[in-house]
Enquirer: 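This is the structure, below, for whatever I ask next.
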Number of protein chains: 2
Amino acid sequence: MIPRAQKSPVPLDICHLAKAIETIGDRWTLLILRAALFGVRRFDDFQKELSIPRTVLSGRLGKLVETGILEKQKYKEDGKRARPEYVLTEAGEALRPVFMALTQWGDDWVSDGALPPISFTHAKSRQKVRPAFVDEHGRETLMKDTRVSLRR
Amino acid sequence: MIPRAQKSPVPLDICHLAKAIETIGDRWTLLILRAALFGVRRFDDFQKELSIPRTVLSGRLGKLVETGILEKQKYKEDGKRARPEYVLTEAGEALRPVFMALTQWGDDWVSDGALPPISFTHAKSRQKVRPAFVDEHGRETLMKDTRVSLRR
DNA sequence: CAGTATCCGGTCTGATACTG
DNA sequence: CAGTATCAGACCGGATACTG
């Protein structure tokens, strides 16, 4: 077990984890990102899926665009006029591992025994894929052998 | 890129990811868990580190105990009377990969170019460790080769 | 469809004070 | 230390209505 500490080794104001939490760490933002990672892109699709008040959705989408996680693009269906859609940027796509890890945690700890409704598999081999930690050679490293190193 | 979808493949109410978000997905809870994963355990240590109102802290710690992420234990310093401390349960410890992945994302995308203040290394080899996805044999799998499979 | 405008009521925040 | 009590104000959620 981790030894007791009076404080974290990194002050809050320079902690990238803390910044990440400030950026995406609220209920609606996380739920929007969950949907976005599943491919949802349009205002009304988000609204229907989440039953989120339109004002709140508008605000959150705006902030996610500001922070560079979503990009507001135009799409055009034949005959109709162009409409906006919110597409994940590279930064947004990079959140996928975070959500996969959280999904795994949910499966393990808040599922009430229900089987996972989805799983992640390798496209070709169909083998199950799970989040883990690897060393520089791409070999799995056990959590218990992992340490935090402070940069000096 | 992920194709556009009208809705997520999993309804919100049976989605373990959504449940996980409901459980730990708010600013203060995430910041408390960050500190806890760094070893912080005591009420006043949390309070000082986060500058969180005592009432709010009290509420959040209570909820985290309820949901089985923290456990309220007693510690005793010599001469003094026993006092409570909040220690991560197995479920709480299991959140570490989630926070490591989020730290990595923060380093990559919200750091404003600053070098990461901490890094994760293998206890023995001192090699850097990063979050990734592995197949059943512990071999790294590229994100782009990963698919979501729906259980039927 | 994709928003903005408005409004109300509730919860959360943050400050301060008090207790064992 | 580790909380609970109290309180004003900010912010958020939810509903409804209106616009291009």
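Reminder, nothing fancy here: chain letters follow the sequence lines and each chain counts from 1. The analysis underlying the following values was restricted to heavy atoms, covering all of them including side chains, and did not include hydrogens, waters or symmetry mates. Computed from a predicted model, the values in this text were never measured in an experiment.
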Enquirer: Between B/Lys19 and B/Asp13, does any side-chain N to carboxylate O distance fall below 4.0 Å?
Expert: no
Enquirer: Please check if any side-chain donor atom of B/Ser149 sits under 3.5 Å from a side-chain acceptor atom of A/Thr121, or the reverse.
Expert: yes
Enquirer: Can you tell me if CD on A/Gln6 sees more than 12 non-hydrogen neighbours from other groups inside 6.0 Å?
Expert: no
Enquirer: Identify all pairs in which a protein N or O lies below 3.5 Å from an N or O of nucleotides 2-5 of chain C, and state each distance.
Expert:
from	atom 1	to	atom 2	distance (Å)
C/dA2	OP1	A/Tyr75	OH	3.1
C/dA2	OP2	A/Asp44	N	3.2
C/dA2	N7	A/Arg54	NH2	3.1
C/dG3	OP1	A/Lys72	NZ	3.0
C/dG3	OP1	A/Tyr86	OH	3.3
C/dG3	OP2	A/Tyr86	OH	2.7
C/dG3	N7	A/Arg54	NE	3.0
C/dG3	N7	A/Arg54	NH2	3.0
C/dT4	OP2	A/Ser58	OG	2.2

Enquirer: Please report the distance, rounded to the nearest Å, between CD1 in A/Ile32 and P in D/dC12.
Expert: 13 Å
Enquirer: Would A/Arg41 and A/Phe46 count as a cation-pi pair here, with the cationic atom under 6.0 angstrom from the ring centre and within 45° of the axis?
Expert: no
Enquirer: Please give, in whole Å, the distance from C/dT13 C1' to A/Asp26 CG?
Expert: 15 Å
Enquirer: Could you state the CZ-C1' distance from A/Arg60 to D/dG14, rounded to the nearest angstrom?
Expert: 13 Å
Enquirer: Find the distance A/Glu22:CD to C/dT13:P and express it as a whole number of Å.
Expert: 12 Å
Enquirer: Which part of the nucleic acid does A/Arg81 contact within heavy-atom distance under 4.0 Å: base, sugar-phosphate only, or nothing?
Expert: base
Enquirer: Are any of B/Trp28's side-chain N or O atoms less than 4.0 Å away from OP1 or OP2 of C/dT13?
Expert: yes
Enquirer: Charged N to carboxylate O under 4.0 angstrom, B/Arg27 versus A/Glu22?
Expert: yes
Enquirer: Let me know the distance between CG of A/Leu50 and P of D/dG13, rounded to the nearest Å.
Expert: 12 Å
Enquirer: Rounded to the nearest angstrom, tell me the gap between atom CD in B/Glu77 and atom C1' in D/dC1.
Expert: 10 Å
Enquirer: Could A/Arg96 and A/Glu93 be called an ion pair, given the rule that one side-chain N must be under 4.0 Å from one carboxylate O?
Expert: yes
Enquirer: Measure the CD1-OG1 distance between A/Ile21 and B/Thr103 for me, rounded to the nearest 0.5 Å.
Expert: 8.0 Å
Enquirer: Is the shortest side-chain N to carboxylate O distance from A/Lys7 to B/Glu49 below 4.0 Å?
Expert: no
Enquirer: Which range-with-range stems can be found for DNA chain D when each stem has 3 or more Watson-Crick or G-U pairs in a row and both distances sit under 3.5 Å?
Expert: C:1-20 with D:1-20
Enquirer: Enumerate the residue pairs fulfilling side chain to side chain donor-acceptor pair (under 3.5 Å) with a member in residues 132-142 of chain A, sequence neighbours excluded, ordered by first and then second residue.
Expert: A/Arg130-A/Glu140
Enquirer: What is the distance from NZ of A/Lys63 to C1' of D/dC12, rounded to the nearest Å?
Expert: 11 Å
Enquirer: Please give, in whole Å, the distance from C/dT11 C1' to B/Arg27 CZ?
Expert: 16 Å
